[in-house]
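Not measured: the values here are computed from a predicted model. Worth knowing before you read on, the calculation uses all heavy atoms, side chains too, and leaves out hydrogens, waters and symmetry mates.
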Amino acid sequence: MASSGYTIRRATLDDLESLRGLWRESRLPEYELDKRFTEFQIAVDSHDWILAAVGLRFANHHGEVHSLAIRRADQEAELRDALWERVLHLAHQQGIHRLWTRLPGEFWTLSGFTTAWAAVLKELPATLGAPADTWRTLKLREEPLKLIAAEEQLEAFLELERLKTDRLLRRSQVLKMFATAFAAVLFLVVLGALFYLLRRGRPTPPRQP
C-alpha cells in the first residue's frame, strides 16, 4: 500500500534497528518488542526510513492491536489511518472475529472499539494478556459456534412453524370432509323431500266403475 510518498508493509529483520529507534523515541519497551518485530506493520518513506509502526498479533480468532508509534507529528493522523486500514485488511484476511487493544486515545473509540466489560473479557485469549479494565474491543464478525447456535434456533423455529402449518392443514382437511359430508346429506334430504312433494302433488287417476 503506497500513499503520499510512503509504503505500508510488514517489518523484516532489516528494519529492526530502525524500529528500535522508533520505539525508543516513543518510550516503548524496545528490548521486549524486538523479539516480536514480525508482528509489526510499518510505514516507510522512499528511502525505506520507518515513519510509523503498529503491532498486530493473533491468537486463535482474536487479534491485539498494540505499540503504535508515529515519528512525525504532522503526519500522525494520515499514518495512523493508513496503518489502521492495513490492520483491518489483515484481520479480515485472517478470519479474525474480535480485535483487542489497550492503546489510549479517542481514535480507537471512533474506530468502533468499546470498553471490554467482564462478560466480554471472558473471550480474551490468555496469550494476549490478562483481563483488565483497560482493554477495549471491536467485534468484526460472529464466532462460528454462535452462528451455528443461531442457525439451530432458526431451524427449530422453522420446524415448529412447519408443524403448526401441518396441524392447521390437517384440521382444515377434516373440516372440509365434514362440510362435504354434511352437504351430501343435506342434498339427499332435500332431494328426498322434493321427491316426496312431487309424488303428493301428482293427481290420482279416477277409479274405473
Side-chain angles (χ1 to χ4, degrees), residues 1-117 120-121 123-143:
M1 180 186 301
S3 177
S4 301
Y6 61 83
T7 302
I8 306 293
R9 61 172 174 80
R10 185 176 182 177
T12 67
L13 184 59
D14 294 336
D15 301 310
L16 187 53
E17 282 304 317
S18 184
L19 269 173
R20 283 173 176 162
L22 177 60
W23 293 332
R24 196 177 307 119
E25 292 174 22
S26 302
R27 298 183 179 180
L28 293 173
E30 57 178 295
Y31 294 109
E32 175 187 335
L33 295 176
D34 63 2
K35 303 170 187 177
R36 299 161 50 190
F37 71 90
T38 55
E39 296 176 8
F40 282 82
Q41 302 297 317
I42 59 176
V44 296
D45 64 14
S46 57
H47 302 289
D48 227 24
W49 179 247
I50 298 178
L51 304 174
V54 68
L56 175 63
R57 61 173 173 166
F58 300 124
N60 298 325
H61 293 291
H62 296 254
E64 180 193 5
V65 185
H66 65 91
S67 308
L68 175 67
I70 299 175
R71 178 163 273 134
R72 294 185 53 177
D74 60 325
Q75 288 185 294
E76 180 177 356
E78 181 182 1
L79 291 170
R80 184 183 55 202
D81 289 346
L83 288 172
W84 173 233
E85 183 181 346
R86 173 80 167 188
V87 165
L88 281 178
H89 173 74
L90 292 173
H92 284 294
Q93 192 177 61
Q94 294 293 323
I96 297 302
H97 301 145
R98 185 181 289 276
L99 287 174
W100 302 81
T101 191
R102 283 177 286 190
L103 291 171
E106 186 181 7
F107 171 80
W108 304 104
T109 301
L110 296 175
S111 297
F113 282 85
T114 58
T115 300
W117 302 113
V120 179
L121 281 172
E123 301 179 25
L124 177 67
T127 52
L128 294 185
D133 57 6
T134 53
W135 282 105
R136 287 189 277 189
T137 185
L138 171 64
K139 183 164 69 173
L140 299 180
R141 65 181 73 184
E142 289 291 348
E143 297 184 20

>> If the threshold is 4.0 Å, N to carboxylate O, is there a salt bridge linking Glu64 and Arg57?
In response: yes
> Taking the side chain as C-beta and beyond, is there a heavy-atom pair between Ile8 and Leu83 under 4.5 Å?
Replying inline: yes
> Roughly how far, to the nearest 0.5 Å, is CD of Gln41 from CG of Leu56?
Replying inline: 7.0 Å
>> For Leu121 versus Ala132, what's the shortest heavy-atom pair and its separation?
In response: CD1-O, 3.7 Å
> At their closest point, which heavy atom of Leu28 faces which heavy atom of Ala69, and how far apart are they?
Replying inline: CD1-CB, 4.0 Å
> In this structure, are over 12 heavy atoms from other groups packed under 6.0 Å from Gln93 atom CD?
Replying inline: yes
>> I'd like to know if the side chain of Glu123 pairs up with that of His97 as donor and acceptor (distance under 3.5 Å, no hydrogens or angles considered).
In response: no
>> I need the Asp81 CG to Gln75 CD distance, nearest 0.5 Å.
In response: 12.0 Å
>> Can you tell me how far apart CD (Glu78) and CZ (Arg72) are? Round to the nearest 0.5 Å.
In response: 10.0 Å
> Nearest heavy-atom pair of Phe37 and Thr12: which atoms, and what distance?
Replying inline: CE1-C, 3.5 Å
> Would Val65 and Trp108 count as a side-chain contact (heavy atoms from CB on, under 4.5 Å) if you check the C-alpha gap in whole Å, the side-chain angles of each, and the deciding distance to 0.1 Å?
Replying inline: CA-CA 10 Å; Val65 185; Trp108 304 104; 3.9 Å; yes
>> Assess, by modelled atom type and distance only, whether the side chains of Arg102 and Thr134 contain a donor and an acceptor separated by less than 3.5 Å.
In response: no
>> How long is the straight-line distance from CD of Glu30 back to CD of Glu17, given to the nearest 0.5 Å?
In response: 9.0 Å
> For the residue pair Ile96 and Asn60, what are the closest heavy atoms and their distance?
Replying inline: CD1-O, 4.1 Å
>> Nearest 0.5 angstrom please: Leu16 CG to Arg20 CZ, how far?
In response: 4.0 Å
> Would a distance-only check, ignoring hydrogens and angles, find a side-chain to backbone donor-acceptor pair under 3.5 Å from Thr137 to Ala116?
Replying inline: no
> With respect to His66, which candidate in Phe40, Trp135, Trp23 satisfies the ring pair (Phe, Tyr, Trp, His ring centres under 6.0 Å) definition?
Replying inline: Phe40
> For the residue pair Leu88 and Leu99, what are the closest heavy atoms and their distance?
Replying inline: CD2-CD1, 4.3 Å
> Are Asp15 and Arg9 ion-paired here, with the side-chain N under 4.0 Å from a carboxylate O?
Replying inline: yes
> Where the side chain of Arg141 meets the backbone of Gly95, is there a donor-acceptor pair that is under 3.5 Å apart?
Replying inline: no
>> For a quick test of reading the model, state the closest non-hydrogen atom pair linking Val120 to Trp100 and the distance between them.
In response: O-CH2, 3.4 Å
> Hey, are the side chains of Arg136 and Thr109 touching, using non-hydrogen atoms and a 4.5 Å cut-off?
Replying inline: yes
>> With rounding to the nearest 0.5 angstrom, report the CZ to CG distance, Phe58 to Leu128.
In response: 10.5 Å
> Which is it for Leu138 and Ser111 under the side-chain contact (heavy atoms from CB on, under 4.5 Å) test, yes or no, and what are the steps along the way?
Replying inline: CA-CA 9 Å; Leu138 171 64; Ser111 297; 5.8 Å; no
